[in-house]
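Side chains are part of it too, since the values below use all heavy atoms of this structure and drop only hydrogens, waters and symmetry mates. Whatever order the structure lists ligands and atoms in, that order sets their numbers, starting from 1.
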Amino acid sequence: MRQHKLALCKEHYLEWIPEQTERFIEKYKMFTREEKILVAVSGGKDSLSLWDILIRLGYQADGLYLGLGIDGGIDYSHESQRLTEKFANERNLKLHVVDIEKEYGQSIPMLAESSHRGYGKPCAVCGLAKRHEMNRIARDLGYDVLATGHNLDDEAAVLFGNTLSWASEYLLRQGPVLPETSGLARKVKPLCRFYEREMTAYALLSGIEYIYEECPFAEGSQSIFYKETLNQLETTRPGAKLTFYLRFLEARKSGELFIEKNVQQGVLHACPKCGQPTSTPDFCSFCRMIERANVEME
Ligand code: Q46
Ligand code: ZN
């Protein structure tokens, strides 16, 4: 690991990753051992590794798998669900499975198709649905915190995109912890300081069976382009990604960034249908999307 000037054998690497994770959990005050954690698992290396690490560290962590109904010629959703269930069964862990199509009558690709005016790409629909459902389930089932497997490459790419357009309201919300607010569960990202390749190494060395394929809709996305750009930078300047992200967190914490001073949070109210907070005048974006899709189906 050139960025840390560190080389470890398998045995020590498998100790180092959980130790570091524990350090980040404490540093950013993510959660305690008394709290109930819901880990959003997709069947990929990051989320399954996160679940594995939290259990090894003795946290109370259950899993949530969201069935998106994505096929893409590789049976993506079925395969990722199969691997997630296998992971949970082998370790005797509690996994909640929620299928979007069973819940709302339409899968993500169907929703994307029928709501082409407002939400052209499947990823916009998918992101909206995932955020809504993860929050709903965490709160309905009484979890204290929702944990996702975002790694440093994910976070640096989001930061890069938001910085390019100086999207201050998004920059203000980016960080390892998003505190609980009325109607929204606390969200944490315990892996946000690990490089993607560090998580791949962890998953492989721990023998975690995960889905190698990316979601078929990820191809050609802006976030992949940003990741590749940052990887080029990292090749010539090891540690660049980590510095970019950590310096941002420091600057934000110190209150020196303009975003802290000028951005005001919009006024939120509860969606009359689902009760989740929204800034839109009537129903929240998720409920409007479902309603519109159902009308088009009739
Ligand atoms: S799952 Fe959903 Fe991602 Fe697939 S459709 Fe796009 S957002 S790429 S993380
Ligand atoms: Zn709603």
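- Heavy-atom contacts of A218 reach the following atoms of ligand 1: 8 (S) (cutoff under 4.0 Å).
- Side-chain contact annotation: Y143 with H96, donor-acceptor N/O pair under 3.5 Å present.
- When the shell of 6.0 Å around CG of D140 is examined, it contains more than 12 heavy atoms from other residues, nucleotides or ligands.
- The closest protein non-hydrogen atom to atom 6 (Fe) of ligand 1 is C123 SG, 2.3 Å.
- Taking the charged nitrogens against the carboxylate oxygens, E196 and K45 do have a contact shorter than 4.0 Å, which makes a salt bridge.
- Using a non-hydrogen distance threshold of 4.0 Å, E214 does not register as a contact of ligand 1.
- Look at H132 and the Zn ion (ligand 2): no N/O/S atom of the residue is under 2.8 Å from the metal.
- Here C284 contributes SG and C274 contributes SG, and at the Zn ion (ligand 2) these two atoms make an angle of 110°, given to 10°.
- Here the protein heavy atom with the shortest distance to atom 3 (Fe) of ligand 1 is K130 NZ, 3.9 Å.
- Backbone or side-chain N, O or S atoms of C215 do not reach atom 6 (Fe) of ligand 1 at under 2.8 Å.
- With respect to R186 and D144, no salt bridge is recorded, no charged nitrogen being found less than 4.0 Å from a carboxylate O.
- Between D154 and K227 there is a salt bridge, since at least one side-chain N of the basic residue sits less than 4.0 Å from a carboxylate O of the acidic one.
- Taking every non-hydrogen atom of C126 and a distance limit under 4.0 Å, the qualifying atoms of ligand 1 come out as 1 (S), 2 (Fe), 5 (S), 7 (S).
- Salt bridge present: R136 and E103 bring a charged side-chain N and a carboxylate O closer than 4.0 Å.
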